[in-house]
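Any value given below was found using the heavy atoms of this structure, including those in side chains, with hydrogens, waters and symmetry copies removed. Here is the naming used below: chain letters follow the sequence lines, and residue numbers restart at 1 for every chain.
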2 protein chains.
Amino acid sequence: MSQTDAPRKARLRDVSRRTILDRTARLLVERGYSSTSLREIAKAVGMKAGSLYYHFDNKESLVEEILTEGVVHVQESVGAALDAARDAGPMERLRIAMECHLRTLHEQSDYASAHIRCFAHVPPEIRHRLRKVREEYDGVWVQLLKDAEDAGSLAEGIDPHFLRMALFGLLNWTLEWRLPPDRSLEDLTYQFYRIVFEGAARDGS
Amino acid sequence: MSQTDAPRKARLRDVSRRTILDRTARLLVERGYSSTSLREIAKAVGMKAGSLYYHFDNKESLVEEILTEGVVHVQESVGAALDAARDAGPMERLRIAMECHLRTLHEQSDYASAHIRCFAHVPPEIRHRLRKVREEYDGVWVQLLKDAEDAGSLAEGIDPHFLRMALFGLLNWTLEWRLPPDRSLEDLTYQFYRIVFEGAARDGS
DNA sequence: ATTGTTACCTAACATTCGTTTGGTGTAGAC
DNA sequence: GTCTACACCAAACGAATGTTAGGTAACAAT
């Protein structure tokens, strides 16, 4: 009846729901989509498998919500960092986006890394809807590269579309490694930025 | 009794076995490890599921053989191309290796693409043994980059280990795309080579 | 004190999975 | 013509899967 009543009533439900999402995201990263069973998820949460259906319609919608949120996490993280560096030049903004993308994947969001690792193995309908969600985040990079191009910072003959694909490959593939713990993500970003934009070859080779 | 007798006796067995491997590789690329069932494989071959056990101990060893052969395909393809260009400079040899790696993944071997797409989702023991198989192919690239470094063709401050990881990310991640059919793999290789080695930024940005 | 809702559990459902067992037709060897 | 090894099939196994139905403690509202 009070204003705090409705939130309090809804709290346990929301907490449990969030716990399920968190634990499932972790399992999806570790074992992939098909190998993560509802009973495994339930055990990680401290429930029984059937109880998951109180919070989600089925396994697919649970996973879809996680993978969708994964894109949102990366997009918000990169977006916030770019907003904070609104005055930086286009190349510096690209470097910031690279570091932020890497940091979200490796240190901040199991949702994001679950998205990368499971996308290809998820049912086609989900994958189709996830493509739509990706497009908005893709747009951020399209704009970043367009800004760099307009500023005359990109070399001639470089196709921005391929460059974007190359960047995604570089950044997302790092999930396949065990990151060397002696090197920071800042180092990694610096190396990748140098390779992709300044080139790994000595000038004139 | 004749010399052709033993081969003829063994032929049907070998043909069937190879058919199983081929069809399974294709299914692994399309649906991933856990979602590819033995009954699906058997149907694609024209057998019943139980009959697969005449040729393989179990699902895991069937898959392991495919993923292992995938590495062999790439390694032999790249190795042959490099042997044919023994006199080329280290940077040209790197370009050749890139194109050959891409071509094997996209046009020549389902075994190779199955390896890339399924490696992370395969049982840990198999993954552990596959790492050993990868190491030899990794050595090819370690040598390529060492040759480039020794020739003074690499920029200072570039860590060859990170550069190799970057290259693998770039090349292998292309399997996540639908390759634009209007662009050849030669174009793609050229773009990637320019980005990674000459840099996507205009000099002095 | 009673009622109703919330957030689960128990127990089962039908299916599918990898796998095994016991056969069976066919082809060549003798 | 008989025999034998080969390459497979038929049918089932137990276990695991996603999912559903019915029940039940705990708590809040009345």
Atom [atom1] of [X] to atom [atom2] of [N]: distance rounded to whole Å?
X	N	atom1	atom2	value
A:His55	D:dT19	NE2	C1'	16 Å
B:Arg13	D:dA5	CZ	P	13 Å
B:Arg17	D:dC6	CZ	C1'	16 Å
A:Leu62	D:dG18	CG	P	11 Å
A:Ile41	D:dT17	CD1	C1'	12 Å
A:Phe56	D:dT19	CZ	P	13 Å
A:Lys43	C:dC8	NZ	P	18 Å
A:Tyr54	C:dT5	OH	C1'	8 Å

Could you tell me if A:Gln143 and A:Asp147 have a donor-acceptor pair between their side chains, going purely by distance under 3.5 Å?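 A:Gln143 and A:Asp147 do have a side-chain donor-acceptor pair below 3.5 Å.
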Going by atom types alone, do B:Thr174 and B:His106 pair a side-chain donor with an acceptor below 3.5 Å?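 Judged by distance alone, the side chains do pair up.
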On the 0 to 90° scale, with breaks at 30° and 60°, tag the A:Phe119-A:His115 ring pair as parallel, tilted or perpendicular.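 Parallel.
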Approximate separation, where rounding is to 0.5 Å, of B:His73 NE2 and B:Ser113 OG: 10.5 Å
A:Arg134 side, atom CZ; A:Arg127 side, atom CZ - distance, nearest 0.5 Å: 10.0 Å
Sugar-phosphate means primed atoms, P, OP1 and OP2; the rest is base. With that split, encode nucleotides 9-22 of chain C 5' to 3' as B, S or - using protein heavy atoms under 4.0 Å. BB-B----BBBB--
Of A:Leu144, A:Val78, A:Leu167, the one forming a side-chain contact (heavy atoms from CB on, under 4.5 Å) with A:Met98 is A:Leu167
